[in-house]
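Report on the following structure.
Order of listing sets the numbers, starting from 1, for every ligand and every atom in it.
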Amino acid sequence: MTSPVRLALLGCGTVGQEVVRLLHEQSADLTARIGAPLEIAGIAVRRLGRDRGDLPVDEDLFTTDALGLIKRDDVDVVIEVIGGIEPARSWLVEALRAGKSVVTANKALLAEDGVALHEAAAEGGGDLYYEASVAGAIPLLRPLRESLHGDRINRVTGIVNGTTNFILSAMDATGAGFAEALEEATALGYAEADPTADVEGFDAAAKAAILASLAFHTRVGAADVHREGITEVTAADMASAQAMGCTIKLLCIAARGVDPTGRETVSVRVHPAMIPRSHPLASVGDAFNAVFVEADAAGQLMFYGRGAGGAPTASAVLGDVVAVSRNRLAGVRAASESAYADLAVRPMGEALTRYHVSLDVADRPGVLASVASVFARHDVSIATVRQGSAGGPAGRDGDAELVIVTHVAPDAALAATVGELRGLDIVRSVTSVLRVEGGA
Ligand SMILES: NC(=O)c1ccc[n+]([C@@H]2O[C@H](COP(=O)([O-])OP(=O)(O)OC[C@H]3O[C@@H](n4cnc5c(N)ncnc54)[C@H](OP(=O)(O)O)[C@@H]3O)[C@@H](O)[C@H]2O)c1
């Protein structure tokens, strides 16, 4: 019998416990698929005494000495499901430099300093796999880094955060405001006690950086991603979207483009946006994730499934463990980081977007012309204008509602247009500003 592949598991919380269970339950199949058994050499945790239910694993395997475990000669593969930047970064760099293969679910670390991990993997000759770091169970990174390597990807648009998708779906279905929908998400366990990383878009931005790096063969870090969360999305915004046959989703968008000098670029952003109900991403409800990929030859592809949770995430982790174990037994390593294209990351102001703007304006002659002239001054072309009646949706006698949707323009020009509208006498208030994606 081939000698076992020995695993060090760093972290045994929501994901780690499911990794242990799957390793136990699937043991015979995993051995057959790999050609050697998988054996847990040790499990590093913070608190030895913590209740972890009836995990099918020997208590003696637990340790608080993660570094000691990583350095052991009989460890081949390190699985990191701790999270955070440090000490995870130092530990994984240590493991990779020592020639071990690493499987990690740590999106924050990959987006913050993926380069350090890739360089350490190249130095040590082991593999670095991280399928679970984006969109949980959904096979997505492997398709990007392998299956689509013969194609040219132009755009990746995704719903990659389950918490915010649950909140926005609830707002869409019930008319609730953000705070009320967040409360429901928290009560049902879809939102953490501190939901900042999710609702402010940090989690989605980290995933956007990872997706963009793989799709465009370019190093993109968290700091390169324009990020806006969903805390400012109101029930009125959702109602405006619904009136247009749209809904609102927190999207991560990574798009290939060309700057004014003709240089190829990539823009990477996370923000709420209106999308038409007919768009495949509009029907992605609850806490599900989905990623829509557009490529030259493949056309449009959609990846859909559970983006989080212990078992779905552990499924992705185990898939990676099988891959890196097979590679070790075959004495090969997967293709290393592909960053040859080195596209310039375009600032948000230059990204081409469309805006939907709702204004509460004075209901008198000439208002429409004045508003239109502001758009024209910023070189923003208007696609549609809808006018409500006086005392209508705007809610005050003598007022009217104007709803304007633009054609694409640089985001900075659109933002400047809205800024100038806010200062006009005839504009009582700008009631809603949303970016529009997907041809709405
Ligand atoms: N949960 C999900 O649905 C999900 C989905 C996709 C990706 N991920 C990623 O998976 C990773 C783990 O998430 P999780 O939800 O499983 O986290 P978790 O439930 O909080 O578990 C974290 C584990 O790491 C251990 N740990 C923390 N700091 C440590 C330290 N300094 N030394 C040793 N062990 C330490 C903890 O030990 P104790 O048990 O002793 O406290 C715990 O076992 C994160 O990177 C997360 O972003 C999670």
Q: List every atom of ligand 1 that sits less than 4.0 Å from any heavy atom of Ala132, numbering the atoms from 1 in the order shown and giving each element.
A: 6 (C), 7 (C)
Q: Answer yes or no: is there a side-chain heavy-atom contact under 4.5 Å between Leu55 and Gln17?
A: yes
Q: Give the atoms of ligand 1, by number and element, whose distance to some non-hydrogen atom of Gly11 is under 4.0 Å.
A: 23 (C), 24 (O), 25 (C), 43 (O)
Q: Please determine if Arg145 forms a cation-pi arrangement with Tyr130, meaning its NZ or CZ atom is less than 6.0 Å from the six-membered ring centre and no more than 45° off the ring axis.
A: yes
Q: Would you check whether Val15 has a nitrogen or oxygen atom less than 3.5 angstrom from a nitrogen or oxygen atom of ligand 1?
A: yes
Q) Is the shortest heavy-atom distance from the side chain of Leu414 to the side chain of Val433 under 4.5 Å? A) no
**Q.** Those atoms of ligand 1 less than 4.0 Å from some heavy atom in Gly309
**A.** 2 (C), 3 (O)
(Q) Do Ser169 and Asp172 pair up side chain to side chain, a donor and an acceptor below 3.5 Å, judged on atom types alone? (A) no
Q: Considering only non-hydrogen protein atoms, determine which one is nearest to atom 12 (C) of ligand 1 and report residue, atom name and distance to 0.1 Å.
A: Val81 O, 3.3 Å
Q) atom 3 (O) of ligand 1: protein heavy atom closer than 4.0 Å? A) yes
Q: Report yes or no: is the cationic atom of Arg256 (NZ for Lys, CZ for Arg) closer than 6.0 Å to the six-membered ring centre of Phe216, at no more than 45° off its axis?
A: no
Q. How are the rings of His149 and His217 set relative to one another: parallel (under 30°), tilted (30 to 60°) or perpendicular (over 60°)?
A. tilted
Q | Nearest candidate to atom 31 (N) of ligand 1, where distance is taken over non-hydrogen atoms, out of Pro87, Ala108, Gly136 | A | Pro87
(Q) Under 4.0 Å from a heavy atom of Lys107: which atoms of ligand 1 are those, numbered in the order shown and with their elements? (A) 6 (C), 7 (C), 8 (N), 47 (O)
Q.
Are any of the N/O atoms on Gly310, whether in the backbone or the side chain, positioned under 3.5 angstrom from an N/O atom of ligand 1?
A. no
Q) Which residue owns the protein heavy atom closest to atom 28 (N) of ligand 1, what's the atom, and how far is it? A) Ile82 CG2, 3.6 Å
Q.
With heavy-atom distances below 4.0 Å as the criterion, list the atoms of ligand 1 near Ala308.
A. 3 (O)
Q.
For atom 41 (O) of ligand 1, tell me which residue out of Arg47, Glu80, Glu86 has the closest non-hydrogen atom.
A. Arg47
Q: Indicate the ring-plane relationship of Phe288 and Tyr304, choosing parallel, tilted or perpendicular according to the 30° and 60° boundaries.
A: parallel
Q.
Determine whether Arg155 and Glu437 satisfy the following criterion, salt bridge (charged side-chain N to carboxylate O under 4.0 Å, His left out), listing intermediate values before the conclusion.
A. CA-CA 12 Å; Arg155 193 177 175 91; Glu437 292 291 328; 2.6 Å; yes
Q.
Can you tell whether the side chains of Asp76 and Lys100 come within less than 4.0 Å, N to carboxylate O?
A. no
**Q.** Geometric N/O contact Cys12 with ligand 1, under 3.5 angstrom
**A.** yes
Q. When only distance counts, is Trp91 in polar contact with ligand 1, meaning an N/O pair under 3.5 Å?
A. no
Q.
What I want to know is whether Gly13 and ligand 1 share at least one N or O pair that is separated by under 3.5 angstrom.
A. yes
Q.
What protein heavy atom lies closest to atom 37 (O) of ligand 1? Include the residue and the distance to one decimal.
A. Arg46 N, 3.2 Å
Q. Given side chains that start at C-beta, do those of His378 and Val418 come closer than 4.5 Å, heavy atoms only?
A. no
Q.
Strictly below 4.0 Å, N to O, side chains only: are Arg435 and Glu228 in salt-bridge contact?
A. yes
**Q.** N or O contact, Arg52 vs ligand 1, cut-off under 3.5 Å
**A.** yes
